[in-house]
Amino acid sequence: MSDIQKIQDEAVAGILAAADERSLEDARIAYLGKKGTLAGASAGMRNIPNEEKPAFGAALNKARQAITTALDEKTKHLQELADKASVAGIDLTLPGRSLPTGGLHPITIIQDRAIQILRRMGFALADGPEIETEYHCFDALNTPKDHPARNEKDTFYFDSGKLLRTQTSSVQIRTMENSTPPVRIIAPGSAYRRDDVDATHLPVFNQLEGLYVDKDVKLGDLKGTLEYFLQAMFGDDTEVRFRPHFFPFTEPSFEIDVKLHAKGQAPKWIEVAGCGMVDPAVFSNISGERKDDIFDPEKVTGYAFGMGLERLAMIQWGIKDIRALIENDTRFLSKF
Ligand code: DAH
């Protein structure tokens with residue numbers, strides 16, 4: 001019994017003396033291992049009288065427990081020392097290194113918001129090609145052959161006769177070719193014009209087109225929808241004005257202005273979109289192509305609108321120069 005106490009004392013002392021994990025492991029094997037001292041002592045159980053065996057067993061258990069506890073504590077202690085050593089010389093009060101995360105481009109932010117509002121109002125997303133036929137971009141939209149927008153100075157043409165769409169309005173045509181009223185769609189996407197780059201023009205820009213065709217769609221529906229939309233975008237008290245205008249594919253047509261209150265400037269009206277009631281000639285073109293009468297101008301009416309997303313972004317954030325939106329200067333982009 002006193003041997004066991006001695007083994008225990010020696011083992012605990014040895015464990016306390018271990019200077020690193022390696023020697024601690026050596027100690028564990030030496031004391032608790034299969035061929036360790038404690039195992040040796042247990043083997044002695046055979047040689048003692050039966051009545052002493054329980055006390056002997058209890059002493060063995062106590063020793064094993066004491067040694068295990070000492071091992072656990074020493075392991076913890078060594079780990080703490082290692083942790084401390086690994087941060088030695090590091091100033092934990094220094095600010096961390098920031099990991100730059102990406103962000104959404106302002107045009108994407110505006111587009112997402114516009115889509116969110118319009119989807120809530122029941123518009124579904126539609127899509128169309130950016131390389132278009134003259135038919136979809138102009139003819140079907142009732143644009144006469146001699147319209148200035150069709151000029152090679154204004155439109156990018158391919159040798160094939162196809163072109164880079166100058167407006168997302170072509171998606172109106174493609175949608176009506178393949179659907180039945182009611183049609184209620186929005187189509188965001190790029191449009192292309194041969195413009196020289198300046199503070200308000202880019203040869204590639206983004207539009208968001210809308211089309212609603214049904215029985216009895218009225219001008220009041222168009223006004224209410226766009227007024228609501230612009231107020232949802234820019235604030236409930238945003239003033240909106242409809243100015244008569246001309247587009248080949250709508251009649252009557254309007255340009256829509258919102259009143260901008262820039263800091264330190266007199267409020268002014270800024271054009272944000274074009275819109276109007278779909279011209280019956282457009283419905284006739286669709287009917288002729290489809291060879292049916294479900295878009296018969298006698299049966300359906302509709303409204304359409306189209307807006308420039310760069311313009312909306314410039315209004316939203318007071319951006320003065322449209323070029324900031326394509327220069328990829330992170331000092332600008334990180335503000336959004
Ligand atoms: N497509 C016109 C443009 O690019 C914008 C527009 C005006 C679209 C009136 C429409 C509309 O759908 O009804 O300037």
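Since the model is a prediction, treat every value here as computed from it, not as a measurement. Atoms within a ligand are numbered from 1 in the order they appear, just like the ligands themselves. The figures here come from the full heavy-atom set of this structure, side chains too, leaving out hydrogens, waters and symmetry mates.
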Trainee: Is the count of non-hydrogen atoms from other residues, nucleotides or ligands lying under 6.0 Å from Arg194 atom CZ greater than 12?
Mentor: yes
Trainee: With Tyr303, which residues qualify under ring pair (Phe, Tyr, Trp, His ring centres under 6.0 Å), at least two apart?
Mentor: Tyr212
Trainee: Could you tell me which non-hydrogen atom of Arg174 sits nearest to which non-hydrogen atom of Gly128, and how far apart they are?
Mentor: CD-CA, 4.5 Å
Trainee: Give the residues near ligand 1 by chain and number, with the criterion being a heavy-atom distance under 4.0 Å.
Mentor: Gln167, Ser169, Gln172, Arg193, Gln207, Glu209, Phe247, Phe249, Thr250, Gly274, Cys275, Gly276, Ala304, Phe305, Gly306
Trainee: Under the salt bridge (charged side-chain N to carboxylate O under 4.0 Å, His left out) definition, can you give me all pairs with a residue in residues 53-79, not counting sequence neighbours?
Mentor: none
Trainee: If you count heavy atoms of other groups shown closer than 6.0 angstrom to NZ of Lys320, is the number above 12?
Mentor: no
Trainee: Taking side chain to side chain donor-acceptor pair (under 3.5 Å) as the test, write out the residues that go with Gln79, two or more places apart.
Mentor: Asp83
